[in-house]
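These notes concern the structure reproduced below.
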Protein chains: 2
Amino acid sequence: MVDEQDIAELLRERGHRVTRPRRAVWDVLRRAGGHLTAEEIAERVHGDQPGVNLASVYRSLALFSELSLARESRLGDAEASRWELAHPDEHFHLVCQRCGDVDHHVGTVVAEVREHLRRGHGFLTDDIELTVTGTCADCIAATGA
Amino acid sequence: MVDEQDIAELLRERGHRVTRPRRAVWDVLRRAGGHLTAEEIAERVHGDQPGVNLASVYRSLALFSELSLARESRLGDAEASRWELAHPDEHFHLVCQRCGDVDHHVGTVVAEVREHLRRGHGFLTDDIELTVTGTCADCIAATGA
DNA sequence: GTGGCTGCAAACATTTTGCATAACT
DNA sequence: AGTTATGCAAAATGTTTGCAGCCAC
């Protein structure tokens with residue numbers, strides 16, 4: 001994970017300005033650890049910085065995404081996109097339909113798919129989006145089945 | 001794949017009426033083999049049935065989805081959802097960024113993930129959405145890299 | 001000082017909904 | 001005949017954009 005104070009540097013390095021909205025959005029993403037909609041991010045940003053507009057949140061997220069600092073995903077049947085900081089290791093999302101919990105699952109699966117496609121099919125993978133919907137162990141235990 | 005004349009039966013069996021929009025949407029999905037947006041479906045439906053409204057296309061798709069006859073997916077970065085008939089075997093989508101082609105990849109990967117999650121984590125998978133973006137073999141050959 | 005970035009409001013694209021009418025069963 | 005589904009138009013939702021002014025450099 002990219003460290004806190006790096007954001008200013010990361011932006012400047014690539015010729016982008018370090019602004020209030022960008023810093024605030026970055027902060028929220030770091031604190032939350034992921035899976036927020038743009039609207040949720042805006043809400044939290046407003047705790048510190050009430051003046052920041054939703055459009056700027058979207059623009060910050062788009063920039064972070066372009067710089068590979070954040071990642072957008074469409075979890076399950078959800079209406080809005082959700083955002084998280086770019087994770088160095090490949091992972092996928094486990095969405096529990098019962099409790100709504102979204103888990104990060106880190107493992108070899110994603111890497112295996114990538115390898116399989118390259119070797120077996122000559123397909124050069126750029127990005128893998130894997131979202132699994134179902135019922136988590138806790139909820140199965142709770143409802144007894 | 002579900003057979004053509006079945007749609008009337010499938011609907012009636014479950015207490016739904018067999019209507020012009022539903023038949024037309026079903027027909028388009030069958031003929032296309034998948035990956036159409038609601039708008040594209042509406043366009044093609046209009047070839048045969050100009051009177052069918054876009055809202056009815058959406059309502060038909062929602063019904064088919066509920067009956068597990070069709071599946072919605074958000075491919076890659078795309079704006080609109082795309083639809084295809086429910087496929088009996090588990091597959092995932094390979095989207096080429098270069099030529100835009102969307103390939104169905106049938107294999108054991110999806111089943112393996114399901115098994116892995118059940119055994120290793122007690123997670124009962126309901127649905128797996130796997131979308132891989134990258135460059136296909138043809139495009140690599142064409143551009144020489 | 002200058003150009004990139006912001007806030008605001010308005011536009012956009014996709015999908016959903018209320019309601020009177022049409023049409024399946 | 002009864003009631004489900006439709007067409008139409010309008011609303012809702014999520015996201016993007018044009019533009020005048022502001023602020024990081």
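Here is the naming used below: chain letters follow the sequence lines, and residue numbers restart at 1 for every chain. What you see below is based on every heavy atom in this structure, not just the backbone, and it leaves out hydrogens, waters and symmetry mates.
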Just jot down the side chain to side chain donor-acceptor pair (under 3.5 Å) partners of A/Ser81, sequence neighbours excluded, or say none.
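Per chain and number, A/Ser81 pairs via side chain to side chain donor-acceptor pair (under 3.5 Å) with A/Glu72, A/Arg74.
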Residue list, side chain to side chain donor-acceptor pair (under 3.5 Å) with A/Asp103, at least two apart or on another chain
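Partners of A/Asp103 by the side chain to side chain donor-acceptor pair (under 3.5 Å) criterion come out as none, since no residue qualifies.
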Side chain to side chain, A/Val18 and A/Arg23, heavy atoms closer than 4.5 Å
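SC-SC contact between A/Val18 and A/Arg23 confirmed.
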Do other residues, nucleotides or ligands put more than 12 heavy atoms under 6.0 Å from the CZ atom of A/Arg71?
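Enclosed: over 12 neighbouring heavy atoms sit under 6.0 Å from CZ of A/Arg71.
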Using distance alone, with no hydrogens and no angle criterion, decide if A/Glu66 and A/His16 have a side-chain donor and acceptor under 3.5 Å apart.
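Distance-only check fails for A/Glu66 and A/His16.
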Which of these passes side-chain contact (heavy atoms from CB on, under 4.5 Å) with A/Val25: A/Thr19, A/Ile7, A/Val45?
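The option that passes is A/Val45.
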Go through DNA chain C in 5' to 3' direction and return only the first and the last nucleotide with some atom under 4.0 Å of chain B's heavy atoms.
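It runs C/dT14 to C/dT25.
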Find the distance A/Tyr58:OH to D/dT17:P and express it as a whole number of Å.
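The answer, rounded to whole Å, is 13 Å.
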Heavy atoms under 4.0 Å, any strand shown: does A/Ser81 hit a base, just sugar-phosphate, or nothing?
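Touches sugar-phosphate only.
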Let me spell it out: for each of B/Arg74 and B/Val18, pick the nucleotide of DNA chain C with the closest heavy atom. Which residue's pick is nearer the 5' end?
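Its nearest nucleotide lies further toward 5', so the answer is B/Arg74.
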With sequence neighbours left out, write down each residue that passes salt bridge (Lys or Arg N to Asp or Glu O under 4.0 Å) with B/Arg59, or none if nothing qualifies.
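In terms of salt bridge (Lys or Arg N to Asp or Glu O under 4.0 Å), with neighbours along the sequence ignored, B/Arg59 is linked to no residue.
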Protein-to-nucleotide contact annotation, 5' to 3' order, nucleotides 4-12 of chain D [B base; S sugar-phosphate only; - none; under 4.0 Å, heavy atom]
BSBBB----
Please list all pairs meeting ring-ring contact (aromatic ring centres under 6.0 Å, His included) that have one or both residues in residues 44-82 of chain A, counting only residues at least two apart or in different chains.
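Every ring-ring contact (aromatic ring centres under 6.0 Å, His included) pair that includes a residue of residues 44-82 of chain A, provided the two are not neighbours, is A/Trp26-A/Phe64.
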